[in-house]
Amino acid sequence: MTELQAGRASETLSAPRVETRSFGSRYRDILIALVAFAVLAALPFFFGSKALLDFVIRCSAFGLFATSLNLLVGYTGMISFGHGMFFGLGAYGFGLLMQRTGVPVPVAFVATLAITAVFAAIIGAICVRLKEIYFAFVTLAFQMLIHSTILTWASLTGGDQGLRGGIPRPVFFGVDLANHVHLYITSCALLVLGLLLMRQIAQSPFGYTLRMIRDNARRASFIGIDVWRAKLTIFVLAALFASTGGMVMALFVSGAYPEFAYWTISGEGIFINMLGGVTTFLGPMVGTVLLLILNDTVTRYTEYHGIVLGAVILFFAIGLRKGLMDYVLEWYAQRRDGRGERG
């Protein structure tokens, strides 16, 4: 056998193994998602605390939002100061559709995602052409524009009083979102499904293209990657997941408020990613849990919660210089390498 034939034979034999490993990894993610959903869905039957269920619903809303932001920040290197506009857009879009049209919940859900996609495509087409700090501040400018529109268009949005009157929740497919347990399970399902989809995006060839753009956009362009189109695509996808988080929050509070589209929501998203870490997929989810626990604990004992949160930010930014999950994984890798050297 010649050297060329041997090389071809080697490629032929190795190809199925690569494909099997890819499918195996995908099935493993699906299995983990199913187990996670089963554990979350079982909580109401073992713990009757309404506060615990409320906490998980809030984690679902902000976890979807923060993880979607990390698709931009951690995977693509696009730091957005205005990502919260899509969280607010999801809450207001869904609430208004349910109040004004009376359509079934699934129809309002899909329609809100469609509206978000249109807004994200228009805004993203402008923003993703910009670099670094200009991209960050132009996204913030669009968020402030949307927030101002919410405040001034009082006849539609309720102005600074928010979208009041509650959100109608007609039963669909046997699911009654007026029932707190049904709302909890639906929120968990949306969280797990959203995380699974974002995980597939991050681990797909498109996800590795985003990493290449993050590391060196000019080199990615030189090898034939349409950088603008890739950035716009992930901008729209991230907006859809953020909008889903907004819809969960709107159902939780049965309304929508201007704070959902204010710049502080984007700031919380950045803080969550700093807290949990941007180099691991579950970092934003860990950061969400930590931030909500911190908020609930600190506000219970002191009104100066801003000082405490500021101290925590300084600790992670100056002390650890990375998020919690980043630090834990780095520590684990160093310890494993140390054991290998001793062995």
Side-chain angles (χ1 to χ4, degrees), residues 29 33 36-37 40-41 54-75 80 82-98 103-121 123-124 139 143 146 163 167 169 172-173 175 177 182-202 233-257 259-261 265-266 268-269 272-273 281-282 284-285 287-289 292:
D29 290 340
F37 175 71
L40 290 171
D54 288 348
F55 179 80
V56 176
I57 294 173
R58 291 161 59 210
C59 283
S60 299
F62 284 104
L64 285 168
F65 169 64
T67 307
S68 70
L69 177 58
N70 194 39
L71 290 178
L72 300 179
V73 176
Y75 288 92
S80 173
H83 196 59
M85 68 178 124
F86 302 116
F87 186 87
L89 191 60
Y92 272 94
F94 180 78
L96 286 169
L97 283 171
M98 294 303 299
V103 297
V105 172
V107 174
F109 183 87
V110 173
T112 303
L113 291 181
I115 293 170
T116 301
V118 172
F119 272 86
I123 295 171
T139 56
Q143 173 161 359
I146 290 177
L163 197 60
I167 296 179
R169 306 178 187 192
F172 65 98
F173 305 131
V175 178
L177 294 180
H182 285 203
L183 174 60
Y184 167 81
I185 293 177
T186 302
S187 300
C188 292
L190 290 174
L191 172 65
V192 172
L193 180 60
L195 290 178
L196 178 62
L197 292 175
M198 284 187 275
R199 172 70 176 175
Q200 299 309 308
I201 292 172
T233 301
I234 196 60
F235 189 88
V236 173
L237 290 174
L240 294 178
F241 291 112
S243 179
T244 302
M247 286 187 271
V248 172
M249 183 57 68
L251 284 168
F252 177 61
V253 302
S254 193
Y257 300 94
E259 292 78 9
F260 290 174
I265 287 291
S266 296
E268 285 189 15
I272 287 172
N273 279 275
F281 178 76
L282 289 178
M285 198 67 235
T288 298
V289 174
L292 292 182

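Just so it is clear, the structure is predicted and the values come from calculations on it, not from any experiment. Atoms considered below: every heavy atom in the structure, side chains included; atoms not considered: hydrogens, waters and symmetry mates.
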Do [X] and [Y] touch side chain to side chain, with heavy atoms closer than 4.5 Å?
| X | Y | value |
| --- | --- | --- |
| Phe241 | Ile201 | yes |
| Leu89 | Phe260 | no |
| Phe94 | Ile167 | yes |
| Tyr184 | Val56 | yes |
| Ile265 | Glu259 | no |
| Leu69 | Ser80 | yes |

*Heavy atoms only: give me the nearest Gln143-Ala261 pair and the separation to one decimal.*
NE2-O, 2.9 Å
Euclidean distance, [Y] [atom2] relative to [X] [atom1], rounded to 0.5 Å:
| X | Y | atom1 | atom2 | result |
| --- | --- | --- | --- | --- |
| Asn273 | Glu268 | CG | CD | 12.0 Å |
| Leu251 | Thr186 | CG | OG1 | 8.5 Å |
| Ile185 | Leu190 | CD1 | CG | 12.0 Å |
| Thr67 | Leu197 | OG1 | CG | 12.0 Å |

*Which one of Leu193, Leu237, Leu64, Asn70 satisfies the side chain to side chain contact (heavy atoms under 4.5 Å, CB included) criterion with Met198?*
Leu64
*For Ser187 and Ser60, does a side-chain donor sit closer than 3.5 Å to a side-chain acceptor?*
no
_Donor-acceptor pair between His83 and Thr139 side chains, under 3.5 angstrom_ = no
Is a donor on one side and an acceptor on the other found under 3.5 Å between the side chain of [X] and the backbone of [Y]?
| X | Y | result |
| --- | --- | --- |
| Thr244 | Leu240 | yes |
| Thr116 | Thr112 | yes |
| Arg58 | Gly63 | no |

*Taking atom CZ of Phe119 as the centre, report whether more than 12 heavy atoms of other residues, nucleotides or ligands fall under 6.0 Å from it.*
no
